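All remarks here apply to the structure that follows.
Model, not experiment: these values are computed from the prediction.
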Protein chains: 2
Amino acid sequence: MSPTTETLTAERILEATEEVLRRHGPAKATVVDVARALGVSHGSVYRHFRTKAALREAVTQRWLDRTSGALSAIVAQDRDPEARLREWLSALFEAKRHKAGDDPELFATFSVLTGENSRVVDQHIEDLTAQLTEILRDGAVRGAFTPALDPVVTARAVFHATGRFHDPAYAGEWGRPGIEAEFEAVVDLLLRGLRAAGRSGA
Amino acid sequence: MSPTTETLTAERILEATEEVLRRHGPAKATVVDVARALGVSHGSVYRHFRTKAALREAVTQRWLDRTSGALSAIVAQDRDPEARLREWLSALFEAKRHKAGDDPELFATFSVLTGENSRVVDQHIEDLTAQLTEILRDGAVRGAFTPALDPVVTARAVFHATGRFHDPAYAGEWGRPGIEAEFEAVVDLLLRGLRAAGRSGA
DNA sequence: CAGCTGACAGATATTGAAAACTGTCAGCTG
DNA sequence: CAGCTGACAGTTTTCAATATCTGTCAGCTG
């Protein structure tokens, strides 16, 4: 039962690939490296993943799904939709910032896929906007947010409007001093726009 | 009075550089090319611009200033601040879109400078947010926008929130089908947030 | 015989030598 | 003598040869 004699599964390949990507980065990590880390030939890896791109995408998907999963807990909370939306956006920003800082090589892989308009990234964005839609819909039902706005369209608008704080293209600016204040200003403005008429402002 | 015997001025060098950049793009355009286009030695170009970077920046600044100038006319209009803001944002989006489409090589130069956090790009952003601030301040005075928000901070928030529609990092998405609707959704939401309480919604 | 191997063809990346470019400056020229 | 030239040193880019990688598959192995 030593690791090298265990059956070769997609899961084990994903773990090894994540490790190789973490060490070498997306530009240098090769399928041969992954196979070597697992003590098998690279042909075996191709038995589980049709192409190198599919492997990269699977690793990235797993990695992104961890974020979506953590955020969905906030959506499920039973409290003030406005506070929930604020916390959700804040958590998304934090998550992306930490990923960029703690796992720069995996983050670079994610950035590459974003630039390539990968299906995986599109799916991630759909997951996130679906969560936003859920909060907005609930907020409208509870009377916290105006019912005048279509939740699906508005969720996408909120997501795009906060792109500076979660899109990897901006990762370089997430370390700047005033970034937190910028985030607050954008979120405050968006929340003003979402609130039902008759509720007090800031 | 033939062009080749005219005095060599910064202005003539800028024109020639713009032409060379348009033809070759930022990666291939050289100072030697610019000098050749002007019929002088490259040493003469260095008499007017200390480095190649300074030359690129001067060309880009001129190019960006044309946009700021056109937009300032909208700021100066004497009409409903909300309509003015809408038109200003729309004009900014259009201007960037056309620049990206009509002058791809000059736009690429601008994108390079953006990625390098050039002083020229920072100045351009300051110009634009100053114009936004002006509209917001005027809107607050006229009672169209809520006075609860600091115009300077809010102008930056509006600028960041609409980044998807003017930041060169997103140029690749400006040709997509739904982009206009996305733009409208974001602007509608922001305007709801800006409006003074007691005014009717959408 | 299910799963793995390793040789292979074509594609991609690396390397290092040669070419081109940037920025300087002593001296030429009108 | 103000303005321009062109040779030059140091750096960057180009290009072609070489090495490595991707993806396939016939055949080996437990």
Per B/K52 side chain, nearest of listed nucleotides C/dT22, D/dG6, C/dT14
C/dT22

Is the NZ or CZ atom of A/K96 both under 6.0 Å from the centre of the six-membered ring of A/W174 and within 45° of that ring's axis?
no

A/R56 atom CZ is separated from D/dC21 atom C1', nearest whole Å, by 14 Å

May I have the distance from B/K28 (atom NZ) to C/dT22 (atom P), rounded to whole angstrom?
13 Å

Give the rounded distance in Å between these two atoms: CG of A/L38 and P of C/dT5.
10 Å

Length of the CD1-P vector between A/I13 and D/dG23, whole Å:
14 Å

Ionic contact status for A/R192 with A/E82, cut-off 4.0 Å
no

Do B/D78 and B/R142 sit within salt-bridge range, that is, some charged N less than 4.0 Å from a carboxylate O?
yes

Round to the nearest Å and state the distance from B/H48 atom NE2 to C/dG23 atom C1'.
16 Å

Side chain of B/H42 - closest among C/dA7, D/dG3, C/dG23:
C/dG23

Would one find a side-chain N or O of A/S44 under 4.0 angstrom from OP1 or OP2 of C/dC4?
no

For B/S118, the option from B/H124, B/Q61, B/E57 that meets side chain to side chain donor-acceptor pair (under 3.5 Å)
B/E57

Pairing of B/D33 and B/R36 as salt bridge, 4.0 angstrom limit:
yes

Whole-Å distance between D/dC21 C1' and A/D33 CG?
10 Å

For DNA chain C, consecutive-pair runs of 3 or more (Watson-Crick or G-U wobble, both H-bond-type distances under 3.5 Å) give C:1-30 with D:1-30

Quick one: label A/T30 by what it contacts on the DNA or RNA (base, sugar-phosphate, nothing), any heavy atom closer than 4.0 Å.
sugar-phosphate

From C-beta outward on B/V31, which listed nucleotide comes closest to its side chain: C/dT22, D/dT22, C/dC4?
C/dT22

Could you state the atom-to-atom distance from OH of A/Y46 to C1' of D/dT24 in whole Å?
10 Å

Which residue lies more 5' along DNA chain C, comparing A/G43 with A/A27 via nearest heavy atoms:
A/G43

A/R36 vs A/R47, nearer the 5' end of DNA chain D by closest nucleotide:
A/R36

Going by an N to O cut-off under 4.0 Å, is there a salt bridge joining A/R86 and A/E184?
yes

Regarding A/R62 and A/E11, does a basic nitrogen lie under 4.0 Å from an acidic carboxylate oxygen?
yes

